[in-house]
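To start, the structure under review is shown below, and the notes come after it.
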Amino acid sequence: MSRHPYTDLPSFRYWRRSMAQLPGGEVDPVVTGKFRIGRHDPVFTAGSCFAQHIARHLRASGYHYLVAEPAHPMLLPQLADDYGYGLFSARFGNLYTPRQLLQLVQRAYGEFTPAEPPWRLGDAWIDPFRPAVQPGGFASEQELVLDREQHLRAVREGLERMKVFVFTLGLTECWASREDGAVFPVCPGVSGGEFDPARYMLVNLGVAEAAADLAAAEALMRRHNPDFRIVLTVSPVPLAATAEDRHVLVATTYSKSVLRVVAEEFCRGREHAAYFPSYEIITGAHARGGYFGPDLRSVTEAGVEHVMRLFLQHYGDGSHEAPVPAGGDPATDRSREHLAEMGRLVRTVCEEEALDPHSK
Amino acid sequence: MRRLVDKVRGALRGGTTPPAAKAAPVAAPDGRPALLLLGHSHAYAIWRGFHVARFPFELRFFDLLAAGVAEAIAATEDGVVPPLVEFVRAHPDAPVLLSYGGNEHNLLALVEHPEPFDFEFPGGAAPDARRWIIPAGAMRANVAAYVARLGQLMRGFRAAFPERRAWVLLPPPPIPDAEHIAANPVVFAEKIAESGIAPYAVRHKVWLLQCALMREMAADAALDVLDVPAATLDAEGRLRPEAWGQDAVHASVWYGEQLLHSLAPQVLARPEPVR
């Protein structure tokens, strides 16, 4: 028999053997990870909503999920969740596009100061670049500015401490300011502000633009932290809506295709960058659509589990130790002890208030 | 210790009827109308203030911290216990002052937190960017959790006494002078030595926030609120030195006296139908 390039390939290169003949949950499109993440390597996560799953599972699995902007330790845990602390490594909310990532890093290092003023929503003040992080909006413009400064400081700190950067690419469509090209995570007018076609324009990034933005973001990050690895994923979550005049399924396929190509080309030739196939794991034929919920957008927990199982298998440190449970954060423990002690002291002083008949 | 506290409290109450005892006369022997005071530790300044001056009413005090009473109240959701009911019903027409809690702001902000914080609040100083800025909404919800119990007590009182004229007393503002606090640290001495006193700007804002929450809870319980008497504040709205108590958190007898003087016209006015 003559030999050719398709003779005697590993099984994973044949569809029938690695897809059709396997139970869906056993499909492994990763094959081999490009590098390993140590349990103590600070991992910085950002990206679209799918990235929140990665963050959650990393933490639960005992990896050092870096949260550079935690909630103040005196806040009740539910409040920390409500205010978006810990969803990502800083309180930036969803970063859907490479351009949004680039501009965040530029803003953090003072290389870009968007002209867009805060948005209003009733009496509330909304950060146009983080419209969903503050339930009810900010109480004042002053509070918004202070919080933003604190936030960008945390972004810098996180980017400079990280050893691994995990970014989930979500969209190519975004709305931008005509004045300076600042891009927003949501269209102005949806969560504050007012839509004005004279001020805002739709941008649907192509491969070249998205690739350039991603490369520029990496270059800027490396100027301040030369030593980190990158894991790129593409979110499998379809567009909720498209601003293009076409069917949302077609728009979704375009977006995801662009992002998949960008991720592929970015990682080829970069030893420190790896593409992780979350998109393929969730949307591949092996899943038979079973990893999407009834709305055909939300990823089921079974799908997230498949993704993270393979992620930890191929990118984790390979140890077979049980995950170290996320222990008490020292700052939270100190806060709890402080407040408990203050509670005890206040109760005591209240009881002793009656003891001094000569109290003036 | 508890028995000693109660003994002294009993002595200080003077002519009031101890909890759960038989009903006392509605009006004082001299015919002055009765005014009831239900309260925790901030009520003591008011009670002592009553005894240093002459007022057009007789103040009767029900100590919510008394042994047996405090434990019984803690075991309820609404704070309504038989001795309290008996006390209030014994004075059917007497208006009631409610001095619930009031030291929650000191719990949170008297001593510098291990992670010094600040936040924005209307009427308070601008947040210090060098401190950890907590979102105002999150701070509000957090403090609300600490004062939620006071809301339960307010609602419980109104449910038990739907027609009674009653006012919620806001706690006195924090003592502005850190030197006074440091000189009178009482039980906080070690904590203050370890961590320091939080800046007045932060302590004041936490107090403002607590007061705002108490106003909302009072409104929810159909209770009116009595403000801090203007006479006890200086031109900058800070508690005057005469009003500082002899510890880090309580107000003075003078404050209690001024409060009673300020509220007299209001509480002795012709009764209005309860809202």
* Asked: Where do A:E149 and B:I133 land on the side-chain contact (heavy atoms from CB on, under 4.5 Å) test, with the steps shown first?
  -> CA-CA 10 Å; A:E149 286 171 3; B:I133 306 299; over 6 Å; no

* Contact leader toward chain B among A:V346, A:L76, A:L345, where contacts are heavy-atom pairs under 4.5 Å -> A:L345

* Contact class of A:A80 relative to chain B, heavy atoms under 4.5 angstrom -> neither

* Asked: Under a 4.5 Å heavy-atom cut-off, does chain A meet the side chain of B:A248, its backbone, both or neither?
  -> neither

* Structure fact -> Cut-off 4.5 Å, heavy atoms of chain A, and the answer for B:R140 is neither

* Asked: For A:L339 and B:L107, which heavy atoms make the closest approach, and how far apart are they?
  -> O-CD2, 3.9 Å

* To do: May I ask you to check whether over 12 heavy atoms, not counting those of B:R130, lie within 6.0 Å of atom CZ?
  => no

* Nearest 0.5 Å, what's the SG-CG distance between A:C350 and B:N103? -> 4.5 Å

* side-chain hydrogen bond (donor to acceptor under 3.5 Å, both in side chains) partner of A:H338, chosen from B:E194, B:E112, B:K191, B:E115 -> B:K191

* **Closest heavy-atom pair and its distance - A:Y83, B:A138** => OH-N, 3.0 Å

* To do: Please look at A:Q134 and chain B and tell me whether the side chain, the backbone, both or neither of the residue comes under 4.5 angstrom of a heavy atom of that chain.
  => side chain

* **Region of B:F119 in contact with chain A, defined by heavy-atom distances below 4.5 Å** => neither

* Would you mind checking which part of B:E190 comes under 4.5 Å of any heavy atom in chain A, side chain (CB onward), backbone (N, CA, C, O), both or neither? => neither

* **Part of A:Q78 lying under 4.5 Å from any heavy atom of chain B** => neither

* **Shortest non-hydrogen contact between B:P127 and A:L146, atoms and distance** => CB-CD1, 3.6 Å

* Structure fact -> Scored by heavy-atom pairs under 4.5 Å with chain A, the best of B:H40, B:M139, B:E120, B:E242 is B:E120

* To do: For residues B:P135 and A:R91, report the shortest heavy-atom separation together with the two atoms involved.
  => CG-NH2, 3.8 Å

* Asked: Between B:V187 and chain A, which part of the residue has a heavy atom less than 4.5 Å away: side chain, backbone, both or neither?
  -> both

* Picking from A:E337, A:Q142, A:R344, which has the most non-hydrogen pairs under 4.5 angstrom with chain B? -> A:Q142

* Asked: Which bit of B:V186 comes within less than 4.5 Å of chain A, counting heavy atoms only: side chain, backbone, both or neither?
  -> side chain

* Structure fact -> Between B:A141 and A:L79, the two heavy atoms sitting closest are CB-CD2, 3.3 Å

* Structure fact -> Interface check, chain A: of B:W132, B:F188, B:Y255, most non-hydrogen pairs under 4.5 Å belong to B:W132

* Asked: For B:I134 and A:E143, which heavy atoms make the closest approach, and how far apart are they?
  -> O-OE2, 4.1 Å

* **Spacing of CG belonging to B:L108 relative to CE belonging to A:M74, to within rounding of 0.5 Å** => 4.5 Å

* To do: Examine whether an atom of B:H113 lies under 4.5 Å from a heavy atom of chain A, and if so say whether it belongs to the side chain, the backbone or both; otherwise answer neither.
  => both

